[in-house]
Amino acid sequence: RDERSLEALSLAGGGGAAAGRQLPEGRRATLASALELEGTVLREGRLTQFDVVALAGQVAAQVDELLRNVHCGLQALTALSVGCIQTYRDGVESLGEAADLSIRAMYALVARCEELDRAMQPVPALAKRIRDMKGTLERLEGLCK
């Protein structure tokens with residue numbers, strides 16, 4: 001930019017970073033001169049260069065830090081997801097094994113119940129004989145009295 005366009009960007013009332021300082025050749029405090037005092041503007045004759053290299057370096061460092069943080073966060077989330085999936089897998093396997101054992105135990109119980117039922121089949125006939133004997137004994141007692 002040339003001097004005229006920089007003069008158009010002057011700060012109102014000569015304030016800003018250059019306030020209270022004497023500027024060479026009695027110039028008013030302009031945006032460029034305030035930036036010159038901060039070290040972000042270089043002047044070579046009529047050529048003014050804005051020094052964005054330092055700012056670009058800071059931005060690059062901040063972007064690198066942000067990407068590192070995102071990377072670490074994604075790794076943590078991935079590890080958590082893997083842990084959850086493994087826990088789910090282990091739970092499903094355990095559930096399958098428990099269901100299999102329960103089914104086997106149920107079939108064993110049914111088989112034992114069937115064996116018990118077969119073993120108990122003579123009981124009703126035996127109970128009828130006991131009732132008949134009890135009745136006979138009661139009649140004999142009645143005769144003996």
Side-chain angles (χ1 to χ4, degrees), residues 1-21 23 27-44 46-145:
R1 293 185 175 182
D2 64 351
E3 285 291 320
R4 287 183 210 143
S5 64
L6 288 176
E7 290 294 324
L9 295 173
S10 66
L11 299 172
R21 293 191 177 174
L23 297 176
R27 291 187 298 167
R28 289 187 342 193
T30 63
L31 179 61
S33 62
L35 294 175
E36 258 182 83
L37 292 174
E38 291 178 10
T40 58
V41 172
L42 299 175
R43 287 181 183 241
E44 296 176 11
R46 293 184 60 133
L47 180 63
T48 303
Q49 295 177 346
F50 292 90
D51 184 13
V52 295
V53 174
L55 296 175
Q58 290 174 357
V59 169
Q62 290 174 351
V63 167
D64 284 344
E65 181 68 22
L66 175 68
L67 289 176
R68 264 188 247 109
N69 289 339
V70 167
H71 178 73
C72 290
L74 287 174
Q75 281 184 331
L77 288 174
T78 301
L80 181 63
S81 296
V82 167
C84 289
I85 290 170
Q86 289 172 343
T87 303
Y88 178 76
R89 182 200 62 211
D90 294 344
V92 168
E93 287 176 3
S94 296
L95 179 65
E97 290 171 5
D100 188 44
L101 290 174
S102 295
I103 290 169
R104 288 180 189 192
M106 182 190 66
Y107 279 119
L109 178 64
V110 168
R112 295 265 171 110
C113 288
E114 287 174 352
E115 289 174 15
L116 183 61
D117 188 46
R118 278 192 300 268
M120 296 295 284
Q121 281 183 353
V123 170
L126 186 60
K128 184 177 183 310
R129 284 183 58 200
I130 291 173
R131 280 192 301 271
D132 290 342
M133 291 174 121
K134 188 177 178 185
T136 305
L137 283 175
E138 287 175 358
R139 278 180 273 165
L140 282 175
E141 278 181 5
L143 292 175
C144 291
K145 286 189 180 183

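For residues 109-125, the set of pairs meeting the side chain to side chain donor-acceptor pair (under 3.5 Å) definition, not counting sequence neighbours, is empty.
By the salt bridge (charged side-chain N to carboxylate O under 4.0 Å, His left out) test, Arg104 pairs with Asp100, sequence neighbours left out. For Met120, the side-chain contact (heavy atoms from CB on, under 4.5 Å) partners at least two apart in sequence or on another chain are Leu116, Val123. With sequence neighbours excluded, the residues that form a salt bridge (charged side-chain N to carboxylate O under 4.0 Å, His left out) with Glu65 are Arg68. Partners of Lys128 according to the salt bridge (charged side-chain N to carboxylate O under 4.0 Å, His left out) rule, which considers only residues two or more places apart in sequence or in another chain, are Asp132. Residues passing the side-chain contact (heavy atoms from CB on, under 4.5 Å) test with Glu93 are Arg89, Asp90, sequence neighbours excluded.
The 12-atom threshold is not exceeded at CE of Met133, counting heavy atoms of other residues, nucleotides or ligands nearer than 6.0 Å.
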Below 3.5 Å, can you tabulate the donor-acceptor pairs from side chains in residues 71-88 to any protein atom, sequence neighbours excluded?
from	atom 1	to	atom 2	distance (Å)
His71	NE2	Gln75	NE2	3.1
Thr78	OG1	Leu74	O	2.7
Ser81	OG	Leu77	O	2.9
Thr87	OG1	Gly83	O	2.8

